[in-house]
Structure formats: structure tokens, C-alpha cells
Amino acid sequence: SIGSLGRYNNEESLAGIRVKNSTLINTQNGVRIKTWPNSPLATTASDIHFEDIIMVNVGNPIVIDQLYCPYKKCDNLPPSKVKISNVSFKNIKGSSATPLALKIVCSSGSQCENVELTDIDLTYNGAKGTLSSQCLNVKPTISGLMSALACATSIVMPPPLI
């Protein structure tokens, strides 16, 4: 998880993160990038790549969340100023513990650019709905995904991740 970007005054941009050949089992979150609204500085997070990942009963398997706010006091705050670009999720397979298996929700103030989703194959066998995805303020390049994960199911905001 790459998290809490845009929260502090002294943050620097980050680049060049690669997570590869990993297995996640019964984790609360899978591969994730999160930023806070109302960022004090404009920074960037770029060249971040997640590849060849196996998920086993993972909550929230694939996430970019630029509206992250666990305290529910972020309504009407300015959007995140962290610019996310050149991010790929490739060859991610396995099972999701939650129906919302792919969430790419980017800031209206700094939309995500050059996000790639390739060969994502996740299943959900729970009783809380069907496998779904959500995208906002992003136009990802998509290949090798089942339709439920192709970012077309909804742009309605679900409850925040716990």
C-alpha cells in the first residue's frame, strides 16, 4: 500500500515503485495507492507498477483512492493535488473478499493519467453482491479484463474503505 500521500506539508514526489511476484492472503487491502483531499502541496506519484500478483480472499484488491478520508470530515474540502500518472496493474489473479474488486477513484482537481489495467482475473463468491468495479476521473487503458472489472459498472461512490 502506498498511502497517505498529500497529507503533510513536507512531502516530496515519489516515482519508480515496482511490486512484482507477490501473493496476498486474507489481507484487508490488496495493491493500493491513496491520497488525501486538501493536499497542502502539489506533488506527483508516478511510475508505479503492480505485476504478477496472486490474491487469496483479499479485501479491496485493486485501489487508487484520491478521495481517501477515514474520518468522514472531508466533505467540501478541495480535491487532492497529488498527480498520479504512469500506473499499471498487470496479471493480477485470484479472489476478492469484497464485491468491489477494482476501484480507481481519482481527484477532480488532478485526474489520474496513463493508468493501465491488463490481465486482471478476480472472482468474488460472497453474498454481498456481484463482482464490480468503479472508476472516476480516469480513462484507463484496459485489456484482458472481464466486463465486471472494466471500470464501466458504476461511478456512484460506495461507502469508504475501512
Side-chain angles (χ1 to χ4, degrees), residues 1-20 22-51 53-55 57-90 92 94 96-118 120 122 124 131-142 145 149 151 153-162:
S1 182
I2 299 168
S4 290
L5 301 175
R7 186 169 185 192
Y8 302 106
N9 288 326
N10 59 350
E11 288 183 26
E12 295 182 21
S13 295
L14 69 90
I17 307 285
R18 180 173 302 275
V19 177
K20 188 171 181 173
S22 300
T23 300
L24 303 174
I25 301 171
N26 296 323
T27 59
Q28 181 179 6
N29 293 294
V31 292
R32 177 170 78 160
I33 302 169
K34 66 179 184 172
T35 73
W36 288 78
N38 199 26
S39 311
L41 300 172
T43 58
T44 61
S46 63
D47 296 314
I48 301 169
H49 306 284
F50 301 98
E51 186 173 357
I53 310 286
I54 296 171
M55 307 266 179
N57 195 43
V58 170
N60 314 300
I62 300 172
V63 176
I64 295 177
D65 186 357
Q66 287 202 280
L67 303 177
Y68 179 76
C69 184
Y71 311 121
K72 300 182 182 185
K73 296 179 181 177
C74 297
D75 292 344
N76 302 316
L77 288 178
S80 176
K81 294 180 201 161
V82 178
K83 179 69 173 179
I84 295 177
S85 63
N86 301 324
V87 176
S88 65
F89 300 94
K90 294 181 180 178
I92 298 176
S96 174
T98 53
L100 184 62
L102 185 146
K103 175 182 176 180
I104 310 237
V105 176
C106 298
S107 169
S108 61
S110 185
Q111 295 187 8
C112 299
E113 292 180 351
N114 194 21
V115 174
E116 180 181 351
L117 303 167
T118 303
I120 310 295
L122 296 169
Y124 172 68
L131 187 72
S132 65
S133 62
Q134 176 194 24
C135 291
L136 182 64
N137 296 316
V138 63
K139 294 179 182 171
T141 301
I142 296 172
L145 272 70
L149 296 177
C151 284
T153 57
S154 176
I155 60 168
V156 176
M157 297 302 297
L161 295 175
I162 296 174

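All values below come from the heavy atoms of this structure, side chains included, with hydrogens, waters and symmetry mates left out. What you see is a predicted model; the values in this text were computed from it and never measured.
The line from CG of Asn86 to SG of Cys112 is 11.0 Å long, rounded to the nearest 0.5 Å. In this structure, CD in Glu51 is found 4.5 Å from NZ in Lys20, a value given to the nearest 0.5 Å. The distance from atom CZ of Arg18 to atom CZ of Phe50, rounded to the nearest 0.5 Å, is 11.0 Å. Distance check: Leu122 CG to Leu145 CG gives 8.5 Å after rounding to the nearest 0.5 Å. Put simply, CG on Leu5 and CG on Asp65 are 11.5 Å apart, with the number rounded to the nearest 0.5 Å.
For the residue pair Pro61 and Ala101, the shortest heavy atom distance occurs at CD-O, 3.4 Å. Across all non-hydrogen atoms, the minimal contact from Leu149 to Ile120 is CD1-CG2, 3.9 Å. For the residue pair Ser80 and Val82, the shortest heavy atom distance occurs at OG-N, 3.2 Å. For the residue pair Asn29 and Asn60, the shortest heavy atom distance occurs at OD1-ND2, 3.1 Å.
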>> Go through it in stages, so that I can follow the logic: the residues are Gln66 and Leu136, the test is side-chain contact (heavy atoms from CB on, under 4.5 Å), and I'd like the CA-CA distance, side-chain angles, deciding distance and then a yes or no.
In response: CA-CA 10 Å; Gln66 287 202 280; Leu136 182 64; over 6 Å; no
> For Ile62 and Ile53, what are the C-alpha separation, side-chain angles and deciding distance, and is it a side-chain contact (heavy atoms from CB on, under 4.5 Å)?
Replying inline: CA-CA 11 Å; Ile62 300 172; Ile53 310 286; over 6 Å; no
>> Applying side-chain contact (heavy atoms from CB on, under 4.5 Å) to Ile92 and Met55, what does each step give before you reach the verdict?
In response: CA-CA 7 Å; Ile92 298 176; Met55 307 266 179; 3.8 Å; yes
>> Apply side-chain contact (heavy atoms from CB on, under 4.5 Å) to residues Glu116 and Lys90 and explain how you reach the verdict.
In response: CA-CA 8 Å; Glu116 180 181 351; Lys90 294 181 180 178; 3.2 Å; yes
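Among pairs with a residue in residues 80-89, those fulfilling salt bridge (Lys or Arg N to Asp or Glu O under 4.0 Å) read Lys83-Glu113, at least two apart in sequence or across chains.
Counting heavy atoms from C-beta outward, Ile48 and Leu14 have side chains that approach closer than 4.5 Å. Val63 places none of its side-chain heavy atoms less than 4.5 Å from the side chain of Lys34. With contacts defined as side-chain heavy-atom distances shorter than 4.5 Å, the pair Trp36/Ser4 qualifies.
Every side chain to side chain contact (heavy atoms under 4.5 Å, CB included) that Pro99 has, sequence neighbours left out, goes to Tyr124, Lys128. Remark: Ser1 pairs with Arg32 by the side chain to side chain contact (heavy atoms under 4.5 Å, CB included) rule, at least two apart or across chains.
Remark: the backbone N or O of Leu41 is not paired with any side-chain donor or acceptor of Ser39 at under 3.5 angstrom. Under the 3.5 Å distance criterion, the side-chain polar atoms of Asn137 are matched with a main-chain donor or acceptor of Cys106. The backbone N or O of Ala15 sits nowhere less than 3.5 Å from a side-chain atom of Ser46 that would complete a donor-acceptor pair.
Here the options are Ile104, Ile64, Ile84, the test is side chain to side chain contact (heavy atoms under 4.5 Å, CB included), and the partner is Val138; only Ile104 passes.
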